[in-house]
**Q** 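Once you've had a glance at the structure underneath, I'll fire off some questions.
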Amino acid sequence: MILNFSFKLIAGRGKICCKFSLYKSYRAVSSVPVDILWEKLINITDFSWHPLISSSNAPHGLIPKPGLIYQVVTRLIPIRLRIFVERVRPRELLSVRVLTIPGVEKRVTYQVESTLCGSYISYSVSLRGWLSPLVWLVIKPYAARVASELARAAEQIPLGLLPPRGLETSE
């Protein structure tokens, strides 16, 4: 767990301005291969494992690509949030920006990697804006569980349900 919080008080031109930024990263280990973790992560129609998101309006089978915008519904308050996919590196990284209310900029990065001990999933949250301390107080307990819930959900997938890589046919 890594925490970086900064607060800047800027005075100039007769104004006082506050800038907040927060960066927090969580890691979890899983016994399943990276491919299974990745398949669970990029399935943007199934957020049953996510403690903050309940559902998505994305069509079944849609794979996130940079530039994709879709909506999700939160578990805390039934409101719709727009998600913008920024970067995707297959089987490595998924970076999204959550487009919420003015005053908060939230970026989320999921990173998966394979080691001798198993697979690691990293979940990083970056918040900026004057409302970010308030938003952080609300989402902090849920954000701490995202990586471990993803690893737990991937371990519950039966191995026979995923097709082997390279053997998919297109008809």
Side-chain angles (χ1 to χ4, degrees), residues 1-5 20-30 32-113 119-158 161-162:
M1 176 172 67
I2 301 167
L3 173 65
N4 182 9
F5 180 77
F20 293 96
S21 67
L22 175 113
Y23 178 80
K24 185 91 170 182
S25 185
Y26 300 94
R27 281 186 92 171
V29 67
S30 176
V32 298
V34 168
D35 289 338
I36 294 174
L37 272 173
W38 183 253
E39 291 296 325
K40 189 68 175 175
L41 177 62
I42 65 166
N43 184 2
I44 58 177
T45 57
D46 176 25
F47 283 104
S48 61
W49 57 270
H50 203 290
L52 288 171
I53 298 173
S54 64
S55 64
S56 162
N57 74 339
H60 187 68
L62 183 65
I63 296 175
K65 294 185 179 358
L68 175 69
I69 296 177
Y70 61 97
Q71 291 183 349
V72 296
V73 177
T74 64
R75 291 186 196 272
L76 300 176
I77 303 169
I79 59 172
R80 293 191 178 271
L81 303 175
R82 291 185 323 169
I83 306 290
F84 174 74
V85 179
E86 290 183 317
R87 292 184 303 168
V88 177
R89 277 187 280 166
R91 294 185 196 89
E92 287 182 33
L93 177 105
L94 174 66
S95 177
V96 298
R97 188 181 321 160
V98 180
L99 307 170
T100 56
I101 56 175
V104 177
E105 177 184 319
K106 181 180 177 185
R107 285 195 166 112
V108 175
T109 303
Y110 298 92
Q111 197 166 5
V112 293
E113 61 185 90
S119 300
Y120 282 104
I121 178 78
S122 297
Y123 172 75
S124 303
V125 179
S126 174
L127 289 170
R128 288 197 297 193
W130 62 277
L131 280 177
S132 60
L134 178 63
V135 170
W136 181 246
L137 287 175
V138 174
I139 69 168
K140 181 181 176 181
Y142 302 98
R145 296 186 353 224
V146 172
S148 60
E149 292 291 329
L150 175 59
R152 187 175 302 126
E155 290 172 354
Q156 293 175 355
I157 295 176
L161 292 181
L162 293 175

**Q** Are K40 and D46 side-chain neighbours, meaning at least one heavy-atom pair lies under 4.5 Å?
**A** yes
**Q** From N57 CG over to I69 CD1, what is the distance, rounded to the nearest 0.5 angstrom?
**A** 11.0 Å
**Q** So, using side-chain hydrogen bond (donor to acceptor under 3.5 Å, both in side chains) as the criterion, who are the partners of S30 when residues are at least two apart?
**A** E155
**Q** Please round to the nearest 0.5 Å and tell me the distance separating atom OH of Y142 and atom CD1 of I53.
**A** 13.5 Å
**Q** When you look at V112 and I121, which way does the side-chain contact (heavy atoms from CB on, under 4.5 Å) test go after all the steps?
**A** CA-CA 5 Å; V112 293; I121 178 78; 3.2 Å; yes
**Q** What pair of heavy atoms forms the shortest contact from S56 to A58, and how long is it?
**A** OG-N, 3.0 Å
**Q** With sequence neighbours excluded, what pairs up with R80 under the salt bridge (Lys or Arg N to Asp or Glu O under 4.0 Å) test?
**A** none
**Q** Test S132 against L22 for side-chain contact (heavy atoms from CB on, under 4.5 Å), laying out the working first.
**A** CA-CA 8 Å; S132 60; L22 175 113; 5.6 Å; no
**Q** What residues form a side-chain hydrogen bond (donor to acceptor under 3.5 Å, both in side chains) with E105, not counting sequence neighbours?
**A** R107, R128
**Q** Just wondering, do I83 and V98 contact through their side chains at under 4.5 Å, heavy atoms?
**A** yes
**Q** For a 4.5 angstrom cut-off between non-hydrogen side-chain atoms, does Y123 reach L150?
**A** no
**Q** P59 versus T45: any side-chain heavy-atom pair under 4.5 Å?
**A** no
**Q** Report the C-alpha separation of L62 and L68 in whole Å, then their side-chain angles, then the decisive distance to 0.1 Å, and conclude whether the side-chain contact (heavy atoms from CB on, under 4.5 Å) test is met.
**A** CA-CA 10 Å; L62 183 65; L68 175 69; 3.9 Å; yes
**Q** What's the spacing between R97 CZ and R82 CZ if we round to 0.5 Å?
**A** 10.5 Å
**Q** Over all heavy atoms of both residues, which pair between A151 and L37 is shortest? Give the atoms and the distance, please.
**A** CA-CD2, 4.0 Å
**Q** Quick one: side-chain hydrogen bond (donor to acceptor under 3.5 Å, both in side chains) partners of S148, sequence neighbours excluded?
**A** none
**Q** Could you check if a side-chain atom of E113 sits within less than 4.5 angstrom of a side-chain atom of V34, using non-hydrogen atoms only?
**A** no
**Q** Does a side-chain heavy-atom distance below 4.5 Å link Q71 with V73?
**A** no
**Q** Nearest 0.5 Å, please: how far is CZ in R91 from CD in Q111?
**A** 15.5 Å
**Q** Testing the basics here: between L93 and W38, what is the closest heavy-atom pair and its distance to 0.1 Å?
**A** O-CH2, 3.3 Å
**Q** Please check if the number of heavy atoms outside I77 that lie under 6.0 Å from its CD1 is greater than 12.
**A** no
**Q** V85 and Y70: side-chain contact (heavy atoms from CB on, under 4.5 Å), yes or no, with the steps?
**A** CA-CA 9 Å; V85 179; Y70 61 97; 4.0 Å; yes
**Q** Considering only heavy atoms from C-beta outward, does the side chain of L131 approach that of F20 to under 4.5 Å?
**A** no
**Q** Step through the shown structure and confirm whether more than 12 heavy atoms of other residues, nucleotides or ligands are within 6.0 Å of CD1 on I79.
**A** yes
**Q** What are the two closest heavy atoms between T109 and S95, and how far apart are they?
**A** OG1-OG, 3.7 Å
**Q** Can you name the side-chain hydrogen bond (donor to acceptor under 3.5 Å, both in side chains) partners of R152, sequence neighbours left out?
**A** E149
**Q** Just wondering, do I139 and K106 contact through their side chains at under 4.5 Å, heavy atoms?
**A** yes
**Q** When the ring planes of W49 and F47 are compared, do they come out parallel, tilted or perpendicular, using 30° and 60° as the limits?
**A** tilted
**Q** If you take all heavy atoms of A154 and I36, which pair is closest and at what distance?
**A** O-CG2, 3.6 Å
**Q** Do you know which of Y26, Y23, Y110 makes side-chain hydrogen bond (donor to acceptor under 3.5 Å, both in side chains) with S124?
**A** Y23
**Q** Which pairs with one or both residues in residues 63-79 pass salt bridge (Lys or Arg N to Asp or Glu O under 4.0 Å), sequence neighbours excluded?
**A** none
